[in-house]
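Worksheet: one structure, shown below.
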Protein chains: 2
Amino acid sequence: MREDTRTRIQEIALRLFTEQGYEATSLREIAEELGVTKAALYYHFKTKDDIVASLVEQRLTELDELLAWVRSRPRSPETRRELVERYADNIRATRHLGIARFLERNQTALRDHPTLIKIRERMMQLTSEISEPGAPPAERISHSLALFALHAGKWLMKEGELSEEEIHKACLEVAYRLLER
Amino acid sequence: MREDTRTRIQEIALRLFTEQGYEATSLREIAEELGVTKAALYYHFKTKDDIVASLVEQRLTELDELLAWVRSRPRSPETRRELVERYADNIRATRHLGIARFLERNQTALRDHPTLIKIRERMMQLTSEISEPGAPPAERISHSLALFALHAGKWLMKEGELSEEEIHKACLEVAYRLLER
DNA sequence: GTCTATAACCGGATAGAC
DNA sequence: GTCTATCCGGTTATAGAC
């Protein structure tokens with residue numbers, strides 16, 4: 001059962017943008033791999049930026065939800081642990097794992113993209129919700145780092161002898177520890 | 001006392017590459033800001049890549065030295081603590097702080113640059129030296145993360161009410177803690 | 001929904017004068 | 001050491017046929 005063209009464009013773009021970077025990937029490459037011409041892409045997306053927008057809008061929504069959730073709860077150790085858990089599940093879900101990697105690797109190239117600006121903003125807000133406002137600096141950095149530890153495992157353990165699942169559990173363990181104290 | 005042109009090109013390029021990204025920065029922009037024409041740059045550097053090479057070669061040397069040092073010592077908790085301390089001092093030295101930020105932000109765009117490939121390689125080797133080969137995954141991730149914690153502080157505490165020095169000390173504290181256990 | 005053709009432009013890079 | 005002038009190729013994007 002054939003996927004529609006729009007979805008296939010998104011898949012190819014996501015892969016190339018992640019592997020080579022946004023700027024280094026031309027619409028011609030995307031079109032070529034899809035087996036159509038460059039011009040055909042313009043039927044589906046207004047601009048190159050628009051392809052990015054379509055990829056990351058869902059991720060923004062998820063972060064908004066996560067942020068709303070954490071704000072609906074008391075600032076407590078339990079909330080923080082559950083936030084880490086939810087965030088870990090979120091970036092693990094197959095659909096968004098690719099998006100997360102794409103975002104990690106194109107921060108600079110897409111620094112002016114409206115949706116990306118909002119996503120960065122939400123991440124900053126999330127890291128501020130994960131600490132007490134008056135906490136000492138080291139504690140705040142430590143807590144914030146907990147979220148990034150969940151991303152770090154994948155590219156730290158690179159050509160690993162470890163399974164996906166082992167890395168995931170190890171990252172969670174490190175993240176929880178960063179929340180203590 | 002006027003700096004020589006070569007040095008000024010490096011300064012401007014470093015700033016623009018860091019702010020906008022390597023690909024988004026054209027030689028025309030660099031030349032314009034310097035007050036010369038694009039063609040004039042080619043007297044000082046063979047290619048755009050060459051400007052990058054001139055910026056990062058010193059950093060590669062430093063990492064090589066750090067790696068040689070850590071390998072000359074026993075794999076012990078003391079060595080690891082001192083490595084973290086040395087690494088922290090290294091990325092704090094004003095000359096290289098800018099280079100470190102440039103490297104962080106252009107990983108994807110410069111994924112094929114020979115010097116950058118070597119730098120990544122050294123970082124991986126450094127993270128492998130900082131753990132016992134047989135250590136459990138969570139410990140290895142935790143130790144590796146210690147080095148990255150030193151980078152993280154700066155962009156986590158963004159529009160900070162904290163001084164440079166406070167952030168530095170807080171980052172070190174978090175890094176040391178990541179080495180324990 | 002996809003095509004061809006093309007506009008309009010900008011990128012890195014080079015040749016050769018001064 | 002810097003200039004002008006130019007080449008060549010690639011880029012996004014549009015117009016209009018099918």
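Since we're looking at a predicted model, the values are computed, not measured.
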- Message: Nearest to the side chain of B:Ala39, heavy atoms from C-beta on, is which of C:dT2, D:dC3, D:dT2?
- Response: D:dC3

- Apply ring-ring contact (aromatic ring centres under 6.0 Å, His included) to A:Phe45 and list each qualifying residue two or more places apart in sequence or on a separate chain. none

- Query: Distance only, no hydrogens: is a donor on one side chain within 3.5 Å (strictly under) of an acceptor on the other, for B:Asn106 and B:Arg111?
  - Reply: no

- B:Asp4 and B:Thr7 side chains, donor-acceptor separation under 3.5 Å: yes

- Note on the structure: Hits for ring-ring contact (aromatic ring centres under 6.0 Å, His included) against B:His151, two or more places apart or cross-chain, chain-then-number order -> B:Tyr87

- Message: For the CG atom of B:Leu97 and the CD atom of B:Glu164, what is their distance to the nearest 0.5 Å?
- Response: 7.0 Å

- Message: Using heavy-atom distances to pick each residue's nearest nucleotide on DNA chain C, tell me which of A:Val36 and B:Tyr42 is more 5'.
- Response: A:Val36

- Note on the structure: Residue set satisfying side-chain contact (heavy atoms from CB on, under 4.5 Å) with A:His44, at least two apart, ordered chain then number -> A:Thr5, A:Arg6, A:Ile9

- Query: Just to confirm, is there a sub-4.0 Å distance from OP1 or OP2 of C:dC3 to any side-chain nitrogen or oxygen of A:Thr37?
  - Reply: yes

- Whole-Å distance between D:dG1 C1' and B:Arg8 CZ? 14 Å

- Query: Would you say the side-chain atoms of A:Thr47 and A:Asp50 include a donor-acceptor pair closer than 3.5 Å?
  - Reply: no

- Task: Is it possible for you to check whether B:Lys48 lies under 6.0 Å from the centre of the six-membered ring of B:Tyr42, through NZ or CZ, and within 45° of that ring's axis?
- Result: no

- Item | Residue that, paired with B:Arg80, satisfies side-chain hydrogen bond (donor to acceptor under 3.5 Å, both in side chains) out of B:Glu85, B:Glu132, B:Glu129 | B:Glu132

- Query: Rounded to the nearest Å, what distance is computed from the CG atom of residue B:Leu41 to the P atom of nucleotide C:dG11?
  - Reply: 13 Å

- Item | side chain to side chain contact (heavy atoms under 4.5 Å, CB included) between A:Thr127 and A:Leu145, intermediate numbers included | CA-CA 8 Å; A:Thr127 63; A:Leu145 211 53; over 6 Å; no

- Message: We want to know whether B:Ser131 and B:Glu139 form a side-chain donor-acceptor pair, criterion being a heavy-atom distance below 3.5 angstrom.
- Response: no

- Applying the Watson-Crick and G-U criteria (both distances under 3.5 angstrom) with [ ] for crossing and | for other-strand pairs, one obtains for DNA chain C ||||||||||.|||||||

- Interatomic distance, A:Tyr43 OH vs D:dA15 C1' [rounded to whole Å]: 17 Å

- Item | Out of C:dG1, D:dT2, C:dA13, whichever nucleotide has its closest atom nearest the side chain of B:Thr47 | C:dA13

- Item | Rounded interatomic separation in angstrom, taking CG from B:Leu34 and P from D:dT2 | 7 Å

- Spacing of B:Phe45 atom CZ relative to D:dT2 atom C1', expressed in whole Å: 15 Å

- Item | DNA chain C contacts made by residues 49-56 of chain A, counting heavy atoms under 4.0 Å | none

- Where along nucleotides 6-11 of chain D does protein come under 4.0 Å, by heavy atom, of base (B) or sugar-phosphate alone (S), with - for untouched nucleotides? -----S

